[in-house]
Amino acid sequence: MKKTILLLLCMQLMFWATAQNKTVSGKVVDDKAAPIPNVSVTVKGTRNGVTTNSEGVFTITVPSANSSLAFSHVNYAPGEIVVGTQTFIT
């Protein structure tokens with residue numbers, strides 16, 4: 001009985017922990033609205049990162065709305081943005 005309750009509690013905690021994750025998409029563009037491919041997009045303070053595709057589009061999972069995304073590219077100044085309530089970032 002104790003093992004069953006412990007197992008159910010662990011499963012509930014795992015569900016709760018994954019439920020906090022948030023998927024964010026976006027498009028990285030320059031000052032003329034042209035897409036920028038191969039931009040590194042990382043969740044600040046983690047190893048979670050992706051690269052924009054040829055259209056400057058990315059999708060990444062962040063642990064919370066308080067997460068910050070860091071953007072870097074060899075030909076551009078780096079940038080950072082707090083995700084907040086946004087699900088699409090440009």
Side-chain angles (χ1 to χ4, degrees):
M1 179 71 175
K2 286 183 181 180
K3 288 182 181 180
T4 303
I5 292 172
L6 182 60
L7 178 62
L8 290 174
L9 181 59
C10 288
M11 289 174 61
Q12 185 175 7
L13 287 173
M14 287 174 40
F15 175 74
W16 178 76
T18 58
Q20 291 185 33
N21 287 342
K22 177 179 181 177
T23 300
V24 178
S25 298
K27 185 170 185 176
V28 180
V29 296
D30 64 14
D31 57 351
K32 296 177 182 167
I36 306 174
N38 301 316
V39 174
S40 175
V41 182
T42 58
V43 180
K44 191 172 178 181
T46 73
R47 292 178 169 244
N48 185 16
V50 296
T51 304
T52 59
N53 66 13
S54 62
E55 298 298 318
V57 175
F58 69 92
T59 300
I60 193 166
T61 301
V62 298
S64 75
N66 296 328
S67 299
S68 293
L69 294 179
F71 299 84
S72 62
H73 189 281
V74 68
N75 296 325
Y76 295 89
E80 190 175 306
I81 189 166
V82 176
V83 173
T85 60
Q86 302 175 87
T87 56
F88 191 82
I89 296 173
T90 56

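Every heavy atom of this structure was used, including side-chain atoms; hydrogens, water molecules and symmetry mates were not. Counting begins at 1 with the first residue of the sequence.
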ask   = Looking at Val83 and Lys22, what are the two nearest heavy atoms and their distance?
value = CG1-NZ, 3.9 Å

Closest approach of Pro35 to Lys27 (non-hydrogen atoms, all atoms of both residues) = CB-CE, 4.0 Å

ask   = Which atoms form the tightest heavy-atom contact between Ser54 and Pro37, and what is the distance?
value = CA-CB, 3.8 Å

Closest heavy-atom pair and its distance - Pro63, Asn21 = CA-OD1, 3.6 Å

Contacts table for residues 45-52: side-chain donor-acceptor under 3.5 angstrom, sequence neighbours left out:
{"from": "Thr46", "atom 1": "OG1", "to": "Val43", "atom 2": "O", "distance (Å)": "2.8"}
{"from": "Thr46", "atom 1": "OG1", "to": "Asn48", "atom 2": "N", "distance (Å)": "3.1"}
{"from": "Asn48", "atom 1": "ND2", "to": "Thr61", "atom 2": "O", "distance (Å)": "2.5"}
{"from": "Thr52", "atom 1": "OG1", "to": "Ile36", "atom 2": "O", "distance (Å)": "3.0"}
{"from": "Thr52", "atom 1": "OG1", "to": "Asn38", "atom 2": "N", "distance (Å)": "3.0"}
{"from": "Thr52", "atom 1": "OG1", "to": "Val39", "atom 2": "N", "distance (Å)": "2.8"}

task = Check the hydrophobic clustering (I, L, V, M, F, W, Y; side-chain heavy atoms under 4.5 Å; chains of links allowed) and say if Ile89 and Val29 are grouped together.
result = no

task = Quick one: pull up OG1 in Thr59 and CZ in Phe88 and give me the separation to the nearest 0.5 Å.
result = 8.5 Å

request  = Please list, chain by chain and in numerical order, all residues satisfying side chain to side chain donor-acceptor pair (under 3.5 Å) with Glu80, sequence neighbours excluded.
outcome  = Lys44

request  = Look at the side-chain heavy atoms of Ile, Leu, Val, Met, Phe, Trp and Tyr, link any pair under 4.5 Å apart, and say whether Val57 and Leu69 land in one connected group.
outcome  = no

Contact list for residues 21-72, test ring-ring contact (aromatic ring centres under 6.0 Å, His included), sequence neighbours left out = Phe58-Phe71

query = If every non-hydrogen atom of Val82 is compared with every non-hydrogen atom of Ser68, which pair is closest and at what distance?
reply = CG2-OG, 3.6 Å

